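Working notes, beginning with the structure itself.
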Amino acid sequence: MFMSRASVASFLLIGSLSLVAACGGKKPPVLNPTPPPPGPAAFPSATTTRPPEPPAPVPEPPPIIAPEPVVVSDPLASMDMDEINRQAPLAPVFFGYDSDTVDEAGQTVLAANAEILKKYATWAITIEGHSDERGTAEYNLALGERRALSAKSYLLSLGISADRIRTVSYGKEFPFDPGHDEAAYFTNRRGHFVVTAK
Amino acid sequence: MRNALMGSMVLMAASLAAWSAPLDVQQTEIRATIDGRSARLPRLAVPAFSVIGGDAELQGAAKTMGDVLWKDLEFEREFQMISQTTAATIPTASADALPYDLWNQAGADDVLVGVVQRVDAGVQVEIRVMNVERKVSTFGKRYTCSVRSIRLCAHTVADEFHKERFGLDGVARTRLAFTSDRDGERMGGTIEERSIKEIYIADYDGFGQRRVTVRGSLNLAPAWAPDSRAIAYQSHQSGFVDVYVQKLYEVGLTRPAKGTDRSQNFLPKYSPDGTRIAFSNSSDSNWEVYVMNVDGTDRRRLTSHPGTDSSPTWSPNGQQIAFTSDRSGSNQIYVISADGGPVTKMTSEPRKADRPTWALDYIAYSAEVPGGVDIKKVNVGTRQVTELTSGPGSNESPTISPNGRHIAFVTTRWGKEQIAIMDADGRNVRQVTSSGNNRYPSWSNR
């Protein structure tokens, strides 16, 4: 499945956060007690003697405390907006040629984006509608606008409030890939998410 | 029968005369004019202008004047121009002492003699057009110009001569507006590397390209006001798309359609009388065509169809509006009265038609074709469709000159997107821009 660099980066970030969470956390200090001294002599004919005083306990070694991992529980919350958008936590939704329909893959992406938007409930976003270079500039302005609104509609149906979402179309004016092949066309046919307030 | 006899006699006489003519003149050549006539065009020579007084600046101005005037006169295809190379072989002379036999040998029917000299008020240019056969002046005028605007001087002469000789409204003083990213300035408010696109204007021949907006954003689809003193355009500068009207010679920027992020406005076009603007509005993804006064009052919706209705343009008499609609399943061109009412379908493109522009009796538009986009025109009365481009590259966004004889458009045939102009029959494609990516041309009225 095609993934942009931005979504790979966000996957890695989320993945590494999980890993740290699994093996970090507070643990009690580890003490290494000295083993007990041996008991009375093993020879049965030995006269009974007063068992030797147990040796003085060895002073406790200083506790070894495993270094606590420095986990900021929510890195996104402390970033500024440009940094957030560079992390691209909200993945773009891609569209078929000449289409503004959110397909299955798009629904999955938007569902994930909706979860993030619910988690960061103060975020406001703009969905930019983009198209590939085929067709007239004017037609693609309209198509981009329909794509952005289509993505917004789906998010609304998942419970995101409309006043958090703005839409704007850039038509074919700002391609993400300037190439002229199918791969470039695919990546340019998108609803692109930008966090505009947090 | 009689006409054919006359015709062949004319041909014979002409071909006899051809024996003595230099190679670059075909005496019998019948040319197709822009408006479709087949004619033996009058052959006009515009030799280099003479200068009274010797300063270098004046000589430079005289040369520019002659060059620009020659090109302006060639542009409308009502004359067959004698080449400057041929003209240079004939000794310079005053209008009263032309070597008519030499000019006759060169094949000229008329010779435009220009004389330039300094006067108190600026630069005086005297134009006299001498008919070679009758040895008389058929056009004579004196202009007071300036070195700084010598090109405008030449353009004025061309327009006035065309008007007097043929009743033709030339376009030599008209201008083009378009969008360009040539400054390469980065658009703010985004982490993406995006170049702003600002509105530029230029003389119709491409001279003097200069920026007229400083909005730091995406500014597209400029449309000239008919008096050329303002430009309406579509801009993202407020974070959503809205129509802006910018005056060119005084301070004034307005937003008459009063868009919001929920109700965005696109693709403005002035009415021919300059009092109203047609545009597209999108609310909740429903695109409709609207008309309003230039100040935003009396806003009316023209279309009411769930499909996408967009890209309006006015008929030359301002009574109708052509626009793009996908109501039949794919984008086609429709026409509606400027007061609203029933629509008439103008095109049946196999794929899509878009961005109509209307002059005289035809509507030019962008047609999606296999491999890209090309420009076609449809006759409003007969509905006959003519291809104006068929590659190379993609060709779209036509805008027609006010006299209906030329079309500016966007083409990718030279690599990037550039503005080009062609005649209304598709001939004589000329490159206008060469720097950056340039789109959305609009041809001024004057």
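In what follows, chains carry the letters A, B, and so on, assigned in the order in which the sequence lines appear, proteins first and then strands, with residues in each chain numbered from 1. Keep in mind that this is a model prediction, so the values were computed, not measured. Side-chain atoms are counted along with the backbone in the values below, which use heavy atoms only and exclude waters and symmetry mates.
A donor-acceptor pair under 3.5 Å links the side-chain atoms of B/D354 to the main chain of A/Y139, judged by distance alone. For B/Q264 (side chain) and A/T167 (main-chain N/O), a donor-acceptor pair under 3.5 Å exists by modelled atom type.
In plain terms, the two heavy atoms of B/V373 and A/G135 that are nearest each other are CG2-C, 4.0 Å. Considering every non-hydrogen atom in both B/F240 and A/V168, the closest pair reads CA-CG2, 4.0 Å.
A/D98 touches chain B through its side chain: at least one heavy atom from C-beta onward sits under 4.5 Å away, while N, CA, C and O do not. Of the atoms belonging to B/S195, it is backbone heavy atoms, and not side-chain ones, that fall under 4.5 Å from chain A. Residue B/E193: no heavy atom, backbone or side chain, is found under 4.5 Å from chain A. For chain B, no part of A/A148 is nearby; none of its heavy atoms comes within less than 4.5 Å.
Listed options A/V194, A/L141, A/D82, A/N85 were ranked by heavy-atom pairs under 4.5 angstrom with chain B; first place goes to A/L141. For the set B/R439, B/E368, B/K197, B/R351, the entry with the most heavy-atom pairs within less than 4.5 Å of chain A is B/R439. Interface summary for chain A: among B/V241, B/T179, B/L220, the most heavy-atom pairs under 4.5 angstrom belong to B/L220. Between chain A and the residues B/G239, B/G372, B/S282, the most heavy-atom pairs under 4.5 angstrom are made by B/S282. Contact tally against chain B (heavy-atom pairs below 4.5 Å) for A/E133, A/E128, A/R134: the top residue is A/E128.
Residues B/R262 and A/R166 form no side-chain contact, since every pair of their non-hydrogen atoms from C-beta on lies 4.5 Å or further apart.
Between the side chains of B/S397 and A/E138, a donor-acceptor pair is found at a separation under 3.5 Å.
The interface of residues 305-314 of chain B with chain A, defined by heavy-atom distances below 4.5 Å, comprises B/T308, B/S311.
The distance from the CZ atom of B/R355 to the OG1 atom of A/T136 is 9.0 Å, given to the nearest 0.5 Å. A distance of 11.0 Å separates CD1 of A/I165 from CG of B/D261, quoted to the nearest 0.5 Å.
Note that B/R194 lies in the cation-pi zone of A/Y170, set by a 6.0 Å cut-off to the ring centre and a 45° limit from the axis.
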